Structures are given as structure tokens and as C-alpha cells.
Student: 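For reference, the structure I am asking about is given below.
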Amino acid sequence: MAKKVKTTAPRKAPAPKLPKVNAGELVTLLDYLRYAVSRFQDADLVFAHGTTDPVSEAAFLIGEALHLRPDQFESFVTARVTAAEGKQILDLITTRITTRKPAAYLVNKVYMRGLPFYVDERVIVPRSFIGELLETHFGGAEADGTSLIDDPLAVDSVLDLCTGSGCLAILASRHFPNAMIDAVDISKDALAVAAKNVADYDLGERISLHRGDLFAPLSQRRYDLIISNPPYVDAEGMAGLPQECRAEPTLAFDGGADGLDIIHRILGQARDHLTAEGGLLCEVGRDRPQIEASYPDLPLLWLDTEESEGEVFWITAQDLV
């Protein structure tokens with residue numbers, strides 16, 4: 001009998017001691033931005049939750065503390081910060097470093113395609129590339145030749161599988177104004193967050209939330225478009241998740257031993273839930289090689305975005321076999 005090896009979670013590195021900031025040393029937004037970036041780099045934080053680098057993360061936290069939208073930050077970069085505001089900013093910087101929780105959890109907000117969404121620790125922080133692809137590849141026949149559909153106005157039904165916070169369903173509702181949208185998640189907690197976002201955007205009459213395992217709660221309904229950003233992290237990736245990601249729900253990451261457990265099921269069932277002219281848009285992270293090896297005969301179209309290459313595929317109902 002093989003001897004069992006006891007595994008232990010990696011030890012958390014002690015948070016670096018932040019230098020004391022004396023009164024008057026930091027004055028403008030730019031001063032606080034520079035200070036935050038230096039501290040974030042010292043702490044070796046990971047950025048993958050709505051921001052991708054220490055500068056954008058610092059600007060996001062400072063902006064939220066001051067009730068400034070991301071597009072307003074640059075206009076006020078030389079503005080002076082009050083003592084009370086400065087304390088709030090420094091507290092956020094300290095909390096981000098000492099807890100290593102995603103910044104979105106600290107302010108209960110994330111932006112996707114310029115729109116704010118509520119998030120908390122019941123749901124993964126959304127950072128899907130699908131929102132960008134809806135804009136760049138689903139513009140209809142009058143687009144620049146890259147559109148995968150003829151007319152966004154003709155899309156009557158959309159399904160968002162593994163909806164999480166509901167942000168992709170909400171983005172889809174804006175891009176396909178005539179569509180009714182079903183959004184599914186297996187997590188009751190995630191659906192509670194999605195319900196808040198749907199209510200915040202007053203979309204309760206167009207977006208229906210369903211709790212269940214993928215297609216199970218949908219009966220025989222068919223859709224013009226299915227979008228999904230499912231769990232796709234393999235066992236090795238799960239073992240190496242950075243501390244920031246460990247603050248998020250494990251259920252939202254874990255795709256099984258090879259990362260493809262959920263993706264196999266989606267590909268196996270999607271055709272039964274698509275209209276004749278429909279298609280599936282699915283995000284799979286870095287699993288492209290494994291998917292191509294598993295489905296060598298499927299004509300998957302791999303799509304790129306500004307920050308990704310081949311992490312999302314498109315396939316039509318007619319090509320799914």
C-alpha cells in the first residue's frame with residue numbers, strides 16, 4: 001500500500017511593515033498613488049481581479065475612497081486630499097496588503113466594460129474577456145467584418161451559464177436589447193449577489209436567475225446565444241493559487257483534475273439548448289491545448305482580446321456534434 005503523504009497549506013508570508021506616514025508628507029492624489037504603488041510592489045501583491053498592475057489597482061482603490069469613477073481619476077490627480085480622506089486611503093492600502101484580499105472585496109465593487117458591479121466574498125471577482133468580445137465580435141453585419149452574428153437586434157434569447165455576479169448577463173442585456181436572458185449558477189450565494197446587480201440595473205423583467213447545475217434547471221429551452229465563463233482551473237493550478245485567489249469561492253475555480261470537467265459537460269449538452277442558428281461562446285483560460293487534444297474534429301474558433309490570446313472559443317450549433 002502506498003504511503004499517504006500529508007499535505008499542508010503553504011504558509012502565509014508575513015505582511016511587510018508599512019512605513020509611517022507623517023502629516024503633510026502625502027498631499028495630492030498623485031502622492032497617494034505613488035505611495036500605494038511602492039507599497040504594493042514591496043508586498044509582491046498579485047493583480048488579477050479587475051486590475052492587472054499595481055498602478056491601476058492603486059488608482060482604483062484611491063478613486064473608490066474618494067467616490068471618483070475610474071475615468072475621473074486623471075482629472076483630479078493633482079488635487080489635494082483632506083486628512084480624513086487620506087486616512088481612508090491609507091487604511092485601504094494597509095488592508096489590501098495585510099489581508100491580501102482582492103481590492104474589489106474591500107470596496108464591494110468591480111468595473112467591467114466601464115460599468116460598476118457589486119461583489120463580495122460570496123462570488124468570484126469577475127474578470128472575463130467575454131464582455132469585450134460581445135462588443136468586438138457581435139456587432140452584426142455592419143461591423144468591421146469580424147462579427148459572428150448578422151444582427152444583435154435579432155437575438156431573442158441568451159443563456160449565461162455559471163453567471164456568478166451576473167455581470168455577463170447584464171452586459172449581454174445591453175448588447176442584445178431585444179433578448180430575454182436566463183442566468184444559471186449552482187451557488188445560492190452567488191445568485192444572491194447576481195440578484196442585487198440585476199436589481200441595481202432594473203433588469204428584473206429581462207434577466208431570470210436560476211439555481212442549478214448547468215442546463216438542469218432550464219428544461220428544453222433553446223437559445224440564440226450561450227455564454228459561459230465556467231470553472232476551468234486544473235488540480236495543479238488549484239494547488240498553486242495565489243493568496244488573493246484563495247479568498248474567492250473555490251467552487252468558482254475548480255475544474256477537476258485537468259480543468260475540463262465542466263467544459264466537457266457544456267460541450268456535450270450545448271447543442272440541445274441552442275437554436276439552429278445559435279452558438280456557444282466559452283472562456284477556458286489556458287486550457288486550449290487540452291481542449292484541442294480532446295476535440296480534434298470540432299471547428300472551434302479561438303478569439304483574442306486586448307489582454308488574452310486564445311482563451312475563449314466560439315462554435316455554432318451546426319458544428320457541435
Side-chain angles (χ1 to χ4, degrees), residues 50 69 104 108-120 122-140 142-143 147-230 249 252 266 269-270 272-283 314 317:
R69 298 191 308 272
N108 296 126
K109 187 182 292 184
V110 69
Y111 288 86
M112 287 194 68
R113 310 311 295 166
L115 298 180
F117 295 96
Y118 176 87
V119 293
D120 61 33
R122 294 174 292 176
V123 67
I124 190 173
V125 179
R127 57 266 205 184
S128 174
F129 301 121
I130 288 177
E132 178 182 337
L133 291 171
L134 290 178
E135 296 178 4
T136 59
H137 286 72
F138 291 82
E142 296 181 359
S147 183
L148 298 172
I149 61 171
D150 293 331
D151 183 5
L153 299 178
V155 175
D156 295 325
S157 55
V158 176
L159 170 61
D160 178 19
L161 284 178
C162 308
T163 191
S165 61
C167 56
L168 290 182
I170 291 169
L171 291 176
S173 75
R174 296 170 68 90
H175 199 72
F176 306 109
N178 295 327
M180 299 298 290
I181 299 167
D182 285 331
V184 178
D185 205 287
I186 200 169
S187 167
K188 179 180 178 181
D189 287 341
L191 288 175
V193 175
K196 174 174 173 52
N197 283 317
V198 169
D200 287 347
Y201 281 94
D202 195 24
L203 287 167
E205 294 185 358
R206 291 188 56 207
I207 299 178
S208 299
L209 301 175
H210 306 268
R211 185 184 179 194
D213 187 8
L214 296 182
F215 299 98
L218 302 172
S219 187
Q220 301 301 313
R221 295 180 219 181
R222 291 180 178 265
Y223 301 89
D224 296 324
L225 174 65
I226 298 175
I227 59 177
S228 184
N229 183 19
I266 291 173
Q269 300 174 49
D272 293 336
H273 293 275
L274 285 168
T275 60
E277 301 301 321
L280 167 66
L281 186 68
C282 186
E283 186 163 336
W314 164 260

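All values reported here derive from a predicted model rather than from experimental measurement. Position 1 is the first residue of the sequence; numbering continues from there. Just so you know, these numbers use all the heavy atoms, side chains as well, and skip hydrogens, waters and symmetry mates.
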Student: What pair of heavy atoms forms the shortest contact from Val158 to Val155, and how long is it?
Tutor: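 The answer is CG2-CG1, 3.7 Å.
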Student: Please name the pair of heavy atoms, one in Leu203 and one in Ser173, separated by the smallest distance, quoted to 0.1 Å.
Tutor: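 For Leu203 versus Ser173, the nearest heavy atoms are CD1-OG, 3.3 Å.
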Student: Would you compute the distance between atom CZ of Arg122 and atom CG of Leu191 and round it to the nearest 0.5 angstrom?
Tutor: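 Going from the CZ atom of Arg122 to the CG atom of Leu191 covers 10.5 Å.
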Student: Please identify each residue that fulfils salt bridge (charged side-chain N to carboxylate O under 4.0 Å, His left out) with Glu277, with sequence neighbours left out.
Tutor: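 For Glu277 there are no salt bridge (charged side-chain N to carboxylate O under 4.0 Å, His left out) partners, ignoring immediate neighbours.
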Student: For the CG atom of Asp202 and the CD1 atom of Ile170, what is their distance to the nearest 0.5 Å?
Tutor: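 Going from CG on Asp202 over to CD1 on Ile170, the span is 11.0 Å.
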Student: Between Thr163 and Val184 (side chain of the first, backbone of the second, donor and acceptor by atom type, cut-off under 3.5 Å), is there such a pair?
Tutor: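 No; zero donor-acceptor contacts below 3.5 Å.
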Student: Could you go through Leu168 and Met112, starting from their C-alpha distance and side-chain angles, then the distance that decides it, and tell me whether this counts as side-chain contact (heavy atoms from CB on, under 4.5 Å)?
Tutor: CA-CA 9 Å; Leu168 290 182; Met112 287 194 68; 4.2 Å; yes
Student: May I ask you to test the Phe176-Ile181 pair for a side-chain heavy-atom distance under 4.5 Å?
Tutor: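 Result no, sub-4.5 Å side-chain heavy-atom pair not found.
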Student: Answer yes or no: are there more than 12 heavy-atom neighbours, outside Arg174 itself, under 6.0 Å from its atom CZ?
Tutor: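 No, not enclosed.
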Student: Between the side chain of Asn108 and the main-chain N/O of Val119, is any donor-acceptor distance below 3.5 Å?
Tutor: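 It does hold such a pair.
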Student: Run Val125 and Ser165 through side-chain contact (heavy atoms from CB on, under 4.5 Å) and show every step you take.
Tutor: CA-CA 8 Å; Val125 179; Ser165 61; over 6 Å; no
Student: Is the shortest heavy-atom distance from the side chain of Phe117 to the side chain of Val123 under 4.5 Å?
Tutor: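 No, every pair of side-chain atoms sits at 4.5 Å or beyond.
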Student: So, using side-chain hydrogen bond (donor to acceptor under 3.5 Å, both in side chains) as the criterion, who are the partners of Tyr201 when residues are at least two apart?
Tutor: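 By the side-chain hydrogen bond (donor to acceptor under 3.5 Å, both in side chains) rule, Tyr201 matches no residue at all.
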Student: Can you measure from CG (Asp182) to CG (Leu159) and round to the nearest 0.5 angstrom?
Tutor: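 Interatomic distance, Asp182 CG to Leu159 CG, rounded to 0.5 Å: 6.5 Å.
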Student: Any side-chain heavy atom of Asn229 sitting closer than 4.5 Å to one from Cys162?
Tutor: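 Answer no - side chains too far apart.
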Student: Of the non-hydrogen atoms in Arg127 and Gly50, which two are nearest, and what is the gap between them?
Tutor: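 Of all heavy-atom pairs spanning Arg127 and Gly50, the closest is CB-N, 4.3 Å.
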Student: Of all the heavy-atom pairs spanning Ile124 and Ala252, show the shortest one and how long it is.
Tutor: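 Nearest pair, atom of Ile124 first, then Ala252: CB-CB, 3.7 Å.
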Student: To the nearest 0.5 Å, what is the distance between CG on Leu225 and CG on Asp156?
Tutor: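 Reported to 0.5 Å precision, the distance equals 12.0 Å.
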Student: What pair of heavy atoms forms the shortest contact from Arg211 to Ser187, and how long is it?
Tutor: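 What the structure gives for the nearest pair is NE-C, 4.4 Å.
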Student: Rounded at 0.5 Å granularity, tell me how far NE2 in His137 sits from CD1 in Ile130.
Tutor: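 With rounding to 0.5 Å, NE2 (His137) is 12.5 Å from CD1 (Ile130).
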Student: Does Phe138 reach the side chain of Leu148, with side-chain heavy atoms less than 4.5 Å apart?
Tutor: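 A side-chain contact under 4.5 Å exists here.
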Student: Supply the atom-to-atom distance Asp272 CG to Leu218 CG, rounded to the nearest 0.5 angstrom.
Tutor: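 Going from CG on Asp272 over to CG on Leu218, the span is 12.0 Å.
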Student: State, without any angle test, whether Asp200 and Tyr118 hold a side-chain donor-acceptor pair at a distance under 3.5 Å.
Tutor: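 No, no side-chain donor-acceptor contact under 3.5 Å.
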Student: Strictly distance-based, threshold 3.5 Å: is any side-chain N or O of Ser219 a donor or acceptor partner for the main-chain N or O of Arg221?
Tutor: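 No, because the side chain of Ser219 does not come within donor-acceptor range (under 3.5 Å) of the backbone of Arg221.
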Student: Is there a donor-acceptor pair under 3.5 Å between the side chain of Arg113 and the backbone N or O of Leu171?
Tutor: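 Between the backbone of Leu171 and the side chain of Arg113 there is no qualifying donor-acceptor contact (under 3.5 Å).
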Student: Looking only at heavy atoms, what is the nearest atom pair of Pro152 and His175, with distance?
Tutor: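 Between these two residues, the closest heavy atoms are CB-O, 3.7 Å.
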Student: Is Pro126 close to Val110 at the side-chain level, that is, under 4.5 Å between some pair of heavy atoms?
Tutor: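 The answer is yes; the side chains approach within 4.5 Å.
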Student: Stepwise, does the side-chain contact (heavy atoms from CB on, under 4.5 Å) test hold for Ile226 with Phe215?
Tutor: CA-CA 11 Å; Ile226 298 175; Phe215 299 98; 3.9 Å; yes
Student: Let me see the working for Leu133 and Trp314 under side-chain contact (heavy atoms from CB on, under 4.5 Å), right down to the final yes or no.
Tutor: CA-CA 10 Å; Leu133 291 171; Trp314 164 260; over 6 Å; no
Student: Give a yes or no on this: more than 12 heavy atoms of other residues, nucleotides or ligands lie within 6.0 Å of atom CZ of Arg69.
Tutor: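 No, not enclosed.
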